[in-house]
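Here the structure comes first, spelled out in structure tokens, and everything after it is commentary.
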2 protein chains.
Amino acid sequence: MPSTSPTALSTAERTLDVAERLLQVRGFNGFSYADIAAELGVTKASLHYHFPTKAELGDALIARYSSRFADALGTIDRDTTNPRDKLDAYVNIYSEVLRGDRMCLCGMLAAEYETLPHSMAEAITQFFRENEAWLTNVVAQGQADGSLSNGVTPSDASQMLLSGLEGAMLIARTLGGLPRFQSSARRLLEILNP
Amino acid sequence: MPSTSPTALSTAERTLDVAERLLQVRGFNGFSYADIAAELGVTKASLHYHFPTKAELGDALIARYSSRFADALGTIDRDTTNPRDKLDAYVNIYSEVLRGDRMCLCGMLAAEYETLPHSMAEAITQFFRENEAWLTNVVAQGQADGSLSNGVTPSDASQMLLSGLEGAMLIARTLGGLPRFQSSARRLLEILNP
DNA sequence: GTCTATAGGCAGATAGAC
DNA sequence: GTCTATCTGCCTATAGAC
């Protein structure tokens, strides 16, 4: 039996859950296998059974995070049609992360970029590319239907939204918190007012 | 004699120079006394003579960085009168940091915030406060003389500029580099077009 | 001020019993 | 899958000679 009840999580999943939070709060170089093990009540050796090296754990964390993010974008596309509503929903993803006192996982890793294994570095870049591609699409839609200003190219707008939101999260954790983040996010979106 | 020639730097200063670069590239948790010692050709013990603990080294790094940043803002105030020129010069400070393949020192530390000694955390918050105070002043001047839009409060504008620029640096190091940063910075400033 | 030497702890990682 | 036990290496930091 891999689990003790229908709702129980495997050790691998619980490891990812704890490691994900530690990574988003303290950074990849700011937590250890010992931290995860203590929180789960298992030994470090058990963790190495599921994730032999920390680089592999990191790869798994980015893969799961990117996958969930992509799912969330898919959900937005299904649930909303108005491009402005899509952007509001996009910002809301970030708000919920910050509400948990966390930084965006890939934003955190972007800071530590130069210290990371190559596979992780590439995966982070890919995460940002995918986000920008989605945002570019939404902005282009909004410009086509007139709901968004066409004073900026969709590509430029998506770059500014992505980096603006990541920066607002970064600073808000040290100064101003969620209210400040949401205020900055609103200002960013106003740029696209027609 | 504290130095061997009029232009020679003390070990303490050279330590700060190397540590500063390592911190801006790899983060506070991403370098060690051994890294600095190897680069300077001295022993770790020598470094501990000048900076007994890493927390004290970190305090000194933030203090020097903040002081230089404040000097740069003072120079801008002396050399330019037009608020738009001041903002351009402000962005240029960031561009030069990124040109050296570095992240803003305090932006990097903002990511590692939760792992830092209290004295460092407080100093980072103070750095951001001072930057925002300066920016708020410049925006207010520009609104008064009509060179900047008054569609946003100076406080909101300064928050968005600071976090937007920090975020643009953060992302540009993994995707797009300096050209992308400068493009995003230009877009941010356009928000203040009258 | 800088060195050698070393302490004490924690990091990531592995071997092998159960 | 999880454990005990252990390895090796690096970390911050200190003592004491020069």
Side-chain angles (χ1 to χ4, degrees), chain A residues 1-20 22-23 25-62 108-109 112 114-121, chain B residues 1-5 7-20 22-23 25-62 109 112 114-121:
Chain A
M1 287 288 206
S3 58
T4 55
S5 87
T7 56
L9 295 171
S10 69
T11 296
E13 285 171 306
R14 291 191 302 148
T15 299
L16 289 174
D17 289 340
V18 171
E20 181 177 85
L22 289 171
L23 172 45
V25 172
R26 303 176 55 87
F28 192 68
N29 296 324
F31 75 93
S32 69
Y33 273 59
D35 295 326
I36 306 168
E39 207 162 321
L40 291 182
V42 298
T43 62
K44 291 187 291 173
S46 298
L47 303 181
H48 280 285
Y49 170 79
H50 297 285
F51 305 97
T53 68
K54 200 179 179 186
E56 288 171 272
L57 173 59
D59 287 338
L61 287 170
I62 300 174
M108 181 66 87
L109 293 174
E112 300 176 291
E114 296 292 332
T115 73
L116 300 176
H118 288 138
S119 62
M120 289 180 69
Chain B
M1 287 287 208
S3 60
T4 56
S5 88
T7 57
L9 295 171
S10 69
T11 296
E13 285 170 308
R14 290 191 304 147
T15 299
L16 289 173
D17 288 341
V18 171
E20 181 176 84
L22 289 171
L23 172 45
V25 172
R26 302 176 56 87
F28 191 68
N29 296 324
F31 75 92
S32 69
Y33 273 60
D35 295 326
I36 307 168
E39 208 163 319
L40 291 182
V42 298
T43 63
K44 292 183 288 173
S46 298
L47 303 181
H48 279 286
Y49 169 80
H50 297 285
F51 304 99
T53 69
K54 200 179 178 187
E56 288 172 272
L57 173 59
D59 286 339
L61 287 170
I62 301 175
L109 293 175
E112 299 176 292
E114 296 293 333
T115 72
L116 300 177
H118 287 139
S119 61
M120 289 181 68

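To find a chain, count down the sequence lines: A is the first, B the second, and so on, and within it residues start at 1.
- An OP1 or OP2 oxygen of D/dG1 is reached within less than 4.0 angstrom by a side-chain nitrogen or oxygen of A/Y49.
- Distances shown here put every side-chain N or O of B/T43 at or beyond 4.0 Å from the OP1 or OP2 atom of C/dT4.
- Checked by atom type and distance alone, the side chain of B/K44 never pairs as donor or acceptor with a backbone atom of B/S32 at under 3.5 Å.
- Of the listed residues (B/I62, B/T15, B/L61), just one forms a side chain to side chain contact (heavy atoms under 4.5 Å, CB included) with B/E20, and that residue is B/L61.
- With no hydrogens or angles considered, no side-chain donor-acceptor pair links B/T115 and B/E112 at under 3.5 Å.
- Applying the salt bridge (charged side-chain N to carboxylate O under 4.0 Å, His left out) criterion to A/D35, with sequence neighbours excluded, gives no partner residue.
- Here D/dC10 presents its C1' atom at 15 Å from CD1 of B/I36, a figure rounded to the nearest Å.
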For nucleotides 11-18 of chain D, which of its nitrogen or oxygen atoms have a protein nitrogen or oxygen under 3.5 Å away, and what is each distance?
from   : atom 1 : to    : atom 2 : distance (Å)
D/dC11 : OP1    : B/S32 : OG     : 3.1
D/dT12 : OP1    : B/K54 : NZ     : 3.3
D/dT12 : OP2    : B/Y33 : N      : 3.1
D/dA13 : OP2    : B/K54 : N      : 2.7
D/dA13 : N7     : B/H48 : NE2    : 3.2

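- For A/H50 and D/dG1, the NE2 to P distance is 6 Å, given to the nearest whole Å.
- Proximity of B/S46 to the phosphate of C/dC3: a side-chain N or O atom is located under 4.0 Å from OP1 or OP2.
- Regarding A/L40, its CG atom lies at a distance of 10 Å from the P atom of D/dC3, rounded to whole Å.
- Within the 3.5 Å criterion, the main-chain N or O of B/T53 finds a donor-acceptor partner in the side chain of B/Y33.
- Atoms CG (A/L57) and P (C/dA11) sit 14 Å apart, rounded to a whole Å.
- The shortest heavy-atom contact between B/E114 and A/R26 is O-NH1, 3.9 Å.
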